[in-house]
Amino acid sequence: MEALEETLLSPEMIAARVRELGAEITRDYQGKELLIIGILKGALPFMADLIREIKLPLKYDLMAVSSYGASTKTSGAVQILKDIEMGIEGEHVLVVEDIIDTGLTLNYLVGNLRSRKPASLKVCTLLDKPSRREVEITPEYNGFVIPDRFVVGYGLDYAERYRNLPMIGVLKPEVYENG
Ligand code: 5GP
């Protein structure tokens with residue numbers, strides 16, 4: 001892909017890890033029904049692949065929050081742009097995220113969802129950048145720990161683009177310069 005300076009995770013690496021995560025979740029939730037909450041827009045491809053690797057009865061819903069503008073830096077402010085349509089009281093909830101960076105978004109989300117009294121609440125993220133953490137939050141399921149680089153692809157965007165790349169990588173610097 002010509003906009004990428006470097007590919008960090010190939011489609012094959014992602015697919016293999018998603019299969020492992022699905023198997024792990026399937027084992028951990030044996031005998032239970034799951035309610036997956038996917039966080040738009042970035043987690044969409046990950047969630048779509050992950051749910052098909054979970055061999056359990058499940059429901060899913062979607063939520064959209066915003067903490068970033070068209071820039072690569074967080075503003076810190078979290079806003080619910082679209083809430084889930086289902087009640088989650090008494091449900092086994094698994095939040096599916098694309099990436100945890102500072103942790104501010106997820107920290108807010110987890111607090112918000114916990115107040116709705118689910119039976120359990122866990123987090124599955126595809127990517128984790130622990131070096132940038134500002135609040136203490138550790139996902140129960142984590143696809144890949146990555147270095148502190150701004151990545152795009154497989155749902156992750158820069159200014160709403162590159163979400164459709166099948167791999168995850170780092171953009172060439174000139175992409176930012178040309179805005
Ligand atoms: P946090 O609140 O943990 O700092 O940020 C989480 C959100 O920031 C993610 O859901 C994602 O939308 C965005 N984000 C954080 N790091 C990256 C990155 O490297 N690339 C992209 N495209 N988005 C990121």
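No experiment lies behind these values; they were computed from the predicted model shown. Counting starts at 1 for both ligands and their atoms, in listed order.
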(request) Using a strict cut-off of 4.0 Å, indicate which atoms of ligand 1 neighbour a heavy atom of Thr105. (result) 1 (P), 2 (O), 5 (O), 6 (C)
(request) State plainly whether one hydrophobic cluster holds both Tyr141 and Ile54, where clusters connect Ile, Leu, Val, Met, Phe, Trp and Tyr through side-chain heavy atoms under 4.5 angstrom apart. (result) yes
(message) Would Lys129 count as a polar contact of ligand 1, with the cut-off being nitrogen or oxygen pairs under 3.5 Å?
(response) yes
(request) For atom 12 (O) of ligand 1, state which one of Asp148, Leu156, Asp157, Asp98 supplies the nearest heavy atom. (result) Asp98
(request) Taking only heavy atoms of Glu97 into account, list the atoms of ligand 1 that are under 4.0 Å away from them. (result) 10 (O)
(request) Determine whether any heavy atom of Gly103 lies closer than 4.0 Å to an atom of ligand 1. (result) yes
(message) Please determine whether salt bridge (Lys or Arg N to Asp or Glu O under 4.0 Å) holds for the pair Glu24 and Arg27, giving the CA-CA distance in whole Å, both sets of side-chain angles, and the decisive distance to 0.1 Å.
(response) CA-CA 5 Å; Glu24 210 183 315; Arg27 273 198 308 274; 5.3 Å; no
(request) Assign the ring pair His92 / Tyr29 to parallel, tilted or perpendicular, where the plane angle (0 to 90°) is split at 30° and 60°. (result) perpendicular
(message) Using a 3.5 Å distance criterion without hydrogens, assess whether the side chain of Thr7 forms a donor-acceptor pair with backbone atoms of Ser10.
(response) no
(request) May I ask you to say whether Arg163 pairs ionically with Asp98, meaning some side-chain N is under 4.0 Å from a carboxylate O? (result) no
(message) Under a 4.0 angstrom heavy-atom cut-off, which atoms of ligand 1 come close to Arg149?
(response) 19 (O)
(request) Look only at interatomic distance and state if Phe150 has a nitrogen or oxygen under 3.5 Å from any nitrogen or oxygen of ligand 1. (result) no
(request) Output every pair passing salt bridge (Lys or Arg N to Asp or Glu O under 4.0 Å) with a member in residues 136-149, not counting sequence neighbours, ordered by first then second residue. (result) Glu5-Arg149, Glu6-Arg149, Arg132-Asp148
